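Here is the structure we will look at.
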Amino acid sequence: MMDFTEDQLQRYSRHIILPEVGGKGQAKIAGAKVFIVGAGGLGCPVGYYLTAAGVGTIALVDNDVVEMSNLQRQIAHSVNTLGMPKVESAKRTFEALNPDVRVIAMQRRLSKDDILDLIRDYDVVVDGSDNFPTRYLVNDACVMAGKPLVSGAILRFEGQVTTIVPHDGPCYRCLFEEPPPAGLVPSCQEAGVLGVLPGVIGALQATEVLKLILGKGELLKGELLIYSALKTEFRKVKVPRNPSCPLCGEHRTITELVDYNEGYCAMP
Amino acid sequence: MEETAADKRINIKGLVCPYTFVKAKLAMESLEVGQVLEILLDSEEASRNIPRSMEDHGQKMLKNEKINDTDWVLVVRKERE
């Protein structure tokens, strides 16, 4: 049983009084370690809400620095942190919100050589990356390591969320076996995004993470949730496991991690 | 009203909602199913709300008694985790 300080009792009181959370659930949240890929449009709200919820350890990985064009949607950054590494900017914001949380800032790109080591000690991985090479690398690493992965993506007015529980539901490659060719991905000038959209999708991802930690509710496992901001519409698409998935199917052809070439330009 | 010896007693006088219930719920979590918690409080609102919330959470209220001008005693038995 966790001994809460008076501050913690007040901070987490609305969690503790929920039958599905309680003091025991809050202690699970405090003991959880979450690895967030990307400190941009999605990583900011995911990290912000998980910090507020009291997740004990949050790792943030991103190689970029804060730019003015980020501030329309990346809510952990501000004019005071322009030019600063995004992971450092977000760490300051999160630590100001909740000093209970240990934020580990990693300014780097993930590669096939280090991702498995980096995620090893974490309970859940969140993908808020903005490019297909990273998305596939994170998916493959999570399936190989058996780590649950909460994946989110946004473009223009539409976003998607799914939760991948390796070998218990489909993985990203069951949906899309290979990354699309770079030429088919919208270029920067085509790829606008409504600023609040990553807030909606990131909040959904953070909810999935908390349910994974608590072991409560129903996960978006085997389902892709698609949100249309213009239509104010949520659709759930059932996604079965693909028995011939090259990564998690019966005859696996992908047994090592792959670094796909860059040349993409997306923008969460 | 049945009389049952309490396995744990808490004094939450001076607290207001929702911290009255936060403290009571945490105390209940520390008990085993079948054990009994006695709560001393001085909030009239909590004397009405705690029993309702405890029952919503599946616990059994054994006693809810105003013992003097300011204080109440509640006794709850843990029925489920």
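Letters go in sequence order (proteins before strands), and every chain restarts at 1. Everything numeric in this text was worked out from a predicted model, so none of it was measured.
For A:Arg92, the CZ atom counts as loosely surrounded, since its 6.0 Å shell holds 12 or fewer non-hydrogen atoms of other residues, nucleotides or ligands. In the displayed structure, A:Glu233 atom CD is contacted under 6.0 Å by more than 12 heavy atoms of other residues, nucleotides or ligands. A 6.0 Å sphere centred on OH of B:Tyr19 holds more than 12 heavy atoms belonging to other residues, nucleotides or ligands. Residue-environment remark: NZ (A:Lys236) stays at or below the threshold of 12 foreign heavy atoms within 6.0 Å.
Of all the heavy atoms in B:Val22 and A:Ser13, the pair that sits closest is CG2-CB, 3.6 Å. Closest approach of A:Gly22 to B:Lys25, counting heavy atoms only: CA-NZ, 3.1 Å.
At least one side-chain heavy atom of A:Leu9 sits under 4.5 Å from a side-chain heavy atom of B:Lys23.
To the nearest 0.5 Å, the span separating OG1 on B:Thr20 from CD1 on A:Ile17 amounts to 9.0 Å.
Heavy-atom distances place the side chain of A:Glu6, and not its backbone, under 4.5 Å from chain B. Of the two parts of A:Gln10, the backbone and the side chain both hold a non-hydrogen atom closer than 4.5 Å to a non-hydrogen atom of chain B.
Between the side chain of B:Glu29 and the main chain of A:Lys24, a donor-acceptor pair closer than 3.5 Å is present.
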